[in-house]
Amino acid sequence: MASASCEAPPGPAPRRIVVLGSPGSGKTTFCHLLAASTGLPLYHLDDLYWSADWSRPGEAEWARLVHDLCALPRWIADGNYAGSAEPRVQAAELVVLLDRHPLLCAAALVRRSLRLRRSAPAPPPHDAPRATPDGGRLRRRSTMPSAREYVPRRLRNTDAPPVRSVTALVRKALLFRRRDLVIIHTALLRAGAPVRRCRTRRQAAALLAAFAPDPRPATGRDRAPVPPEGPSPNGTPLLPCTCPAAATATPPWRSL
C-alpha cells in the first residue's frame, strides 16, 4: 500500500497532495510546512466541512465540495474524512499517511486541548454587557484561543468552542487504525499515486526535507503556477488556508 521510504517520489514535483492521518498525528502542522516548502495552496477540509456553531453540510453538499476541490489543478488537502478519501486519493499525485501510534496521537490531543484552554480569553461576567450595541444588534465577544492554534475558518472569532469534543477526538485517535484506516486502506489500494507512510515524526521530517525549496531557477510547468485562489468549477469559493497558525508552525521534530 505504502512505500517503506519517506522520500519524495522521483520525477516532477507533485501538484496535488493528500495528507491523511489520525487526529493528533500532526497533519495540520505538517501541511502548513509542506505548503511553505512547495508553494502549493493548502486546503483544510475542516474549513470546508464545519460552519458556525459546528454545523455540518448535507451529504450531497459535502460530496460536491470534495469534487470541486479535486477538480482544482494544484492543492494540498489536509484532513481525513475517510468516507470521502477515495476521490481525493484518485485525484492526487502523492498521498502522505501520518500513522503515528494511537497513544501518541491521543496524548497530543490532550496537550492541545490544555493549550487551547490556557490561551482562550476569560469570558465576561454574566451581568456584564457582552459588547457595545451596533445598529441595534450586539456584537458577539470572541472567546477563541490565540493565533498559534488552528481553528476552522468559520469558527474563528465566534462564541463556539474551539474543539467540538476532546473526548470524541481522543476516542477517534485510539480507534483510528481499526476504523478509519480500514476505509482509507481500501482507497489507497486503488490509488494510482505513490503513497508515503510516515510512522514517526522523524520520518515526517525527512519527507518535508525532501520538499525543501530548490535554489535552482524554476523551469517547465513550475515557472508559471496556477493561481491558488478562485471559484471551483461549480462556482463555489474554495479559499486556501490563510489561518494565523500557518505563520507560527514549527517543524514537528523539534519537540521530540
Side-chain angles (χ1 to χ4, degrees), residues 16-35 40-59 61-70 72 75-89 91-92 95-98 100 105-106 108-109 111-113 115-116 119-120 142-173 176 179-181 183-184 228-229 232 236-249 252:
R16 295 182 297 277
I17 303 175
V18 166
V19 180
L20 305 166
S22 166
S25 61
K27 293 189 303 298
T28 299
T29 298
F30 179 90
C31 287
H32 282 149
L33 296 168
L34 183 62
L40 294 172
L42 167 59
Y43 295 87
H44 301 292
L45 295 187
D46 281 348
D47 285 351
L48 304 180
Y49 190 81
W50 296 111
S51 296
D53 300 321
W54 292 101
S55 59
R56 307 168 186 261
E59 290 186 12
E61 181 185 0
W62 176 239
R64 180 178 55 79
L65 286 170
V66 172
H67 175 271
D68 290 351
L69 172 61
C70 292
L72 295 177
W75 41 259
I76 298 170
D78 163 33
N80 260 351
Y81 296 90
S84 66
E86 183 152 357
R88 285 177 280 130
V89 166
V95 179
V96 179
L97 173 61
L98 302 183
R100 298 186 72 209
C105 294
L109 289 169
R111 289 195 298 270
R112 180 173 184 265
S113 176
R115 291 197 304 270
L116 288 168
S119 64
S142 170
T143 57
M144 297 307 291
S146 71
R148 295 183 61 86
E149 301 292 342
Y150 167 76
V151 175
R153 177 182 284 119
R154 285 174 284 187
L155 290 161
R156 297 173 206 158
N157 302 314
T158 73
D159 288 339
V163 177
R164 188 165 181 262
S165 171
V166 176
T167 302
L169 281 176
V170 170
R171 184 185 303 114
K172 194 173 183 68
F176 174 75
R179 293 186 177 178
D180 286 24
L181 188 55
I183 301 173
I184 291 171
E229 298 186 23
S232 70
T236 304
L238 296 178
L239 301 178
C241 168
T242 57
C243 60
T248 60

Asks: So which atom in Gly79 and which in Leu20 form the shortest heavy-atom distance, rounded to 0.1 Å?
Replies: O-CD2, 3.4 Å

Asks: Taking the side chain as C-beta and beyond, is there a heavy-atom pair between His32 and Cys241 under 4.5 Å?
Replies: yes

Asks: In Å, rounded to the nearest 0.5 Å, how long is the span from CG of Leu98 to CZ of Phe30?
Replies: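 Nearest 0.5 Å value for the CG-CZ distance: 5.5 Å.
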
Asks: Using the rule given for side chain to side chain contact (heavy atoms under 4.5 Å, CB included), can you reason through Trp75 versus Leu238, listing the C-alpha separation, both sets of side-chain angles and the distance that settles it, and then say yes or no?
Replies: CA-CA 11 Å; Trp75 41 259; Leu238 296 178; over 6 Å; no

Asks: Which atom names give the shortest non-hydrogen contact between Val89 and Val18, and what distance separates them?
Replies: N-CG2, 4.3 Å

Asks: For Asp78 versus Lys27, what's the shortest heavy-atom pair and its separation?
Replies: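 Where Asp78 meets Lys27 most closely, the heavy atoms are OD1-CB, 3.5 Å.
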
Asks: Would the distance check show the side chain of Arg16 and the main-chain N or O of Cys70 forming a donor-acceptor pair, the cut-off being under 3.5 Å?
Replies: no

Asks: Flag the pair Pro162 / Glu149 as yes when at least one side-chain heavy-atom distance between them is below 4.5 Å, and no otherwise.
Replies: no

Asks: What residues, two or more places apart in sequence or in another chain, satisfy side chain to side chain donor-acceptor pair (under 3.5 Å) together with Asp180?
Replies: Lys172

Asks: What I'd like to find out is whether the side chain of Leu97 reaches to under 4.5 Å of the side chain of Leu181, using heavy atoms alone.
Replies: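 A side-chain contact under 4.5 Å exists here.
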
Asks: Using the rule given for side chain to side chain contact (heavy atoms under 4.5 Å, CB included), can you reason through Phe176 versus Ile184, listing the C-alpha separation, both sets of side-chain angles and the distance that settles it, and then say yes or no?
Replies: CA-CA 10 Å; Phe176 174 75; Ile184 291 171; 4.2 Å; yes

Asks: How close do Leu109 and Pro23 get, heavy atom to heavy atom, and via which atoms?
Replies: CD1-O, 3.8 Å

Asks: Could you tell me whether a side-chain N or O of Asn80 sits under 3.5 Å from a main-chain N or O of Gly21, the two making a donor and an acceptor?
Replies: yes

Asks: Decide yes or no for Leu48 and Leu45: does some side-chain heavy atom of the first lie under 4.5 Å from some side-chain heavy atom of the second?
Replies: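 Yes, close enough: below the 4.5 Å cut-off.
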
Asks: Show the nearest heavy-atom pair for residues Leu42 and Cys31, with the distance to one decimal.
Replies: CD1-CB, 3.6 Å

Asks: Could you walk me through whether Arg171 and Ser165 pass the side chain to side chain contact (heavy atoms under 4.5 Å, CB included) test, one step at a time?
Replies: CA-CA 10 Å; Arg171 184 185 303 114; Ser165 171; over 6 Å; no

Asks: Would you say that Leu69 contacts Leu65 through its side chain, given a criterion of any heavy-atom pair below 4.5 Å between the two side chains?
Replies: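 No, too far: nothing below the 4.5 Å cut-off.
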
Asks: In Å and rounded to the nearest 0.5 Å, what is the CZ to OH distance from Arg88 to Tyr81?
Replies: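 Spacing of CZ (Arg88) from OH (Tyr81) equals 9.0 Å.
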
Asks: Measure from the side-chain N and O atoms of Arg100 to the backbone N and O of Gly26, and report whether any donor-acceptor pair falls under 3.5 Å.
Replies: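 No, Arg100 side chain to Gly26 backbone: no donor-acceptor pair under 3.5 Å.
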
Asks: Between Arg153 (side chain only) and Asp47 (backbone N and O only), is there a donor and an acceptor less than 3.5 Å apart?
Replies: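 No, because the side chain of Arg153 does not come within donor-acceptor range (under 3.5 Å) of the backbone of Asp47.
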
Asks: Give me the atom names and distance for the closest heavy-atom approach of Ala108 to Gly24.
Replies: CB-O, 3.5 Å

Asks: Going through the checks in order, is the side chain to side chain contact (heavy atoms under 4.5 Å, CB included) test met by Tyr49 and Val66?
Replies: CA-CA 10 Å; Tyr49 190 81; Val66 172; over 6 Å; no

Asks: Are the side chain of Trp62 and the backbone of Arg56 linked by a donor-acceptor contact shorter than 3.5 Å?
Replies: no

Asks: How far does CZ of Arg112 sit from OG1 of Thr28, to the nearest 0.5 angstrom?
Replies: 7.5 Å

Asks: Report yes if some heavy atom in the side chain of Trp54 is under 4.5 Å from a heavy atom in the side chain of Pro161; otherwise report no.
Replies: yes

